[in-house]
Each structure stands twice: as structure tokens, then as C-alpha cells.
Amino acid sequence: MTPCAREIPCALCPDEGRCGLDGSAHDAWLLARRLGAVTRRVLVLSNKGGVGKSTVAANLAAALALDGAAVGLADADITGPSVPLVTGLQGQRLRLGPEGAAPAEPLPGFRVASIGFLLESPDESVMWRDAYKYEFLRQLFAGVAWGRLDWLVVDMPPGTGGELIAVRELLGRVDGAVLVTTANEVALQHVRRAATACRASDIPILGMVENMSGLVCPHCGGEVHPFGEGGGEAEAARLGVPFLGRVPFDPAAVAGGPVVVMRPASPAARALREVARRCRRRLEGAGAGGTDV
Ligand SMILES: Nc1ncnc2c1ncn2[C@@H]1O[C@H](COP(=O)(O)OP(=O)(O)OP(=O)(O)O)[C@@H](O)[C@H]1O
């Protein structure tokens, strides 16, 4: 039998490296096996770091699972995966192999796999592994036995360069992007760039979330908006994309697990459940493939 002809030897080959396929045919075959039963593929992204992509992605996925869907959360943040921390799954590892690694399943129907589960330690930097970026991403999607999923939510790294192209290529089809921003002008400029990148890549934009949008007083429930009110919503209108909601700055959102599960009555959890409902209405209404408006 001809050995698998990938440049980097493939630890995932169900034929134990003897499939004889060349690199791209091998990957396409493997990805079709792993992602063939995934109905909707959604990216959570922004050009800017620290705006809350991982928090929104983890809670969107958990909220969809709480609403009864089978959901995968794939943490593709190659520059610094924080899904293990955000989901309370630090220390989890993926055991790659021909049969596919089992994702973590912290809730019934909520499956999680992170680039962080491939690292030796949570403090390991992956920046130096540039040449292997694609390989890490390939392992995340093609190495995990995702099973049947109604949704696969992908937490993207900051930026919209090579990683966006690589993830889009690996997924084959992306049904929608959720753009995350805060209301300050720097983040808004970054989110405009993210919208431009989505449009250039034919990725439909599901809508925009304004995160950390105001402080809710734990005593009186009143809100303070340090960057002014309505920045994200106005930006969404300018870009011609739906506004999916405003998530307040809420200490409960840093709960070591999705806040929609850990603190369901908190202001952040309520806002994030509503974001998930709006995403569902938009994609389920449009069917797979979604629409940009
Ligand atoms: N609504 C919120 N209220 C309070 N803290 C929040 C909220 N959303 C996110 N955070 C906190 O802000 C920080 C950044 O959030 P997160 O890691 O989700 O952002 P990110 O955009 O994914 O970052 P990176 O670009 O580094 O991957 C984290 O400490 C997170 O707990």
C-alpha cells in the first residue's frame, strides 16, 4: 500500500497512514468524515483582541445547547486559546488518533474542543509554531469526532488574515459570522475591517454583538455606558448588518464556565441567551447558507 502522501505525517489517518492519498485529497476525505454531519457552521470573529470573542462564542454555543441543539464549540484561536478557561475545561487534552478524538462534553449536547487541548500546558505560547498553524487547525477540525451537530461555533483568533482563509478552507462552507465589538472607536474600526474580510470571503454576516457595553449596578440595576450608548448598533446599521444585542460588562461573565449555565439570571447571561435566539432565528429562518442583509 502507498503511504499517505501528506507533507506532515498524518496521525489522524483512519487507514493508519496507508490511504495513499496526497495532501489535499487526504484532508478533504478526512474533513468530510468528521464534519459531514454538521448542519450549520458559524464563526465568531473580530479583528481586535480582547473584545469578548471567546466569551460570546462559548455562551452562544452553550445557550444553543440549553435550547436543545447539538452544538460543537471549536476554539481555533491559534494565538492564545482561552476557551478552556472560559468553559472551565482547563487541563483537558485531545487524544488524537485514527478513530477521532472525543471532544469534552460539559453539558449534554455541548461538545468542546480547543487548540489549547493540544498544548502541553495552558501557559505554552503557540506563536513560534507559525509553520504548523495550519496543521493545528487541521487537527482541530479533522482530528475530532464531532458527530452529528446542529451547530459548530468556531471561536476565531483576532485578525482576519491567514487564519480566516485557513478555517474557511478547512470547513468547506461557512454559514454565517457573528462579529463582536465593544463600543469604543478602536474596536469599531476593527469590526469594520472584519466585515470587509467576511464580504471579501463570501461569508454571510449573521450580525453584530456589542460586548462589555455598559456597567450594570448590582444594587439598583441602573446602567452606565462609558463609551456612550448605541455605538455598536449604529455601526451595525452603517454596515447594513443586523444588530444581535448588547451584552453588559458583568463580573458574572468571568465565571470559569459559560455564564448562561453558571449564572443564568445575571444580566450578561440574559443578554447572551437573547443573542443566541436571534442567531437561531436568522439561520434557521434562512436555512443553511444564511443571508447577509
Ligand atoms: N460581558 C463581559 N463582562 C465582563 N467581562 C467580560 C465580558 N466579556 C468578556 N469579558 C472578559 O474580558 C476578557 C476578554 O474576553 P475574551 O477572552 O472573551 O475576549 P477575546 O476577544 O476572545 O480575546 P482574544 O482576542 O485574546 O482571544 C476576559 O477576561 C473575559 O472574561
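Here, residue 1 is the first one in the sequence, and each next residue gets the next number. The basis for the numbers below is simple: all heavy atoms, side chains too, and nothing from hydrogens, waters or symmetry mates. Just so you know, ligand 1 is whichever comes first in the structure, and atom 1 is the first atom listed for that ligand. Everything numeric in this text was worked out from a predicted model, so none of it was measured.
For atom 27 (O) of ligand 1, the closest heavy atom belonging to the protein is D77 OD2, 2.9 Å. At the top of the distance list for atom 17 (O) of ligand 1, counting protein heavy atoms only, stands S82 OG, 3.7 Å. Remark: minimum distance from atom 13 (C) of ligand 1 to any protein heavy atom is reached at G50 O, 4.7 Å. Looking only at protein heavy atoms, the nearest one to atom 28 (C) of ligand 1 is T55 OG1, 4.9 Å. Protein heavy atom at the shortest distance from atom 3 (N) of ligand 1 is D250 N, 2.9 Å. Scanning the protein for heavy atoms near atom 7 (C) of ligand 1, the closest one is M212 CG, 3.6 Å. Looking at atom 29 (O) of ligand 1, its nearest protein heavy atom turns out to be V254 CG1, 4.8 Å.
For ligand 1, the atoms lying closer than 4.0 Å to a non-hydrogen atom of G49 are 25 (O). Listed by atom number, the atoms of ligand 1 under 4.0 Å from P158 heavy atoms are 25 (O). Per-residue contacts place S54 under 4.0 angstrom from the following atoms of ligand 1 (heavy atoms of the residue considered): 18 (O), 20 (P), 22 (O).
Counting heavy atoms under 4.0 Å from ligand 1, residue A57 does not touch it at all. Counting heavy atoms closer than 4.0 Å to ligand 1, residue N211 contributes side-chain atoms (C-beta onward) but none from N, CA, C or O. For T79, no heavy-atom contact with ligand 1 is shorter than 4.0 Å.
When each of L35, V154, V167, L149 is checked for a side chain to side chain contact (heavy atoms under 4.5 Å, CB included) with R41, only L35 meets the rule.
In this structure, P248 counts as a contact residue of ligand 1, since one of its heavy atoms falls inside 4.0 Å of the ligand. Under a 4.0 Å heavy-atom criterion, A268 is not in contact with ligand 1.
Within 4.0 Å of atom 21 (O) of ligand 1, at least one protein heavy atom is present.
Considering backbone and side-chain N/O atoms, V51 comes within less than 3.5 Å of an N/O atom of ligand 1. Residue K53 has at least one N or O atom closer than 3.5 Å to an N or O atom of ligand 1. The N/O atoms of G52, backbone and side chain alike, include one that comes under 3.5 Å of an N/O atom in ligand 1.
We find the CZ-CG distance between R111 and L73 to be 12.5 Å, quoted to the nearest 0.5 Å. Between the OG1 atom of T79 and the CG atom of D77 there is a distance of 3.5 Å, given to the nearest 0.5 Å. In this structure, CG on D250 lies 9.5 Å from CG on L215, to the nearest 0.5 angstrom.
Salt-bridge check for R273 with D67: passed, with a basic side-chain N closer than 4.0 Å to an acidic carboxylate O. A salt bridge links E274 with R281: the distance from a Lys NZ or Arg NE/NH1/NH2 to an Asp or Glu carboxylate oxygen falls below 4.0 Å.
Checking S213 against N211 by side-chain atom types alone, no donor-acceptor pair falls below 3.5 Å. A donor-acceptor contact under 3.5 angstrom links the side chains of D155 and S54, judged on distance only.
Side-chain N or O atoms of R246 include none that pairs as donor or acceptor with a backbone N or O of V209 at under 3.5 Å. No donor-acceptor pair under 3.5 Å is formed between the side chain of N47 and the backbone N or O of V191. Not a single donor-acceptor pair under 3.5 Å links the side chain of R40 to the backbone N or O of W151.
Smallest separation of non-hydrogen atoms from L244 and R278: O-NH1, 3.0 Å.
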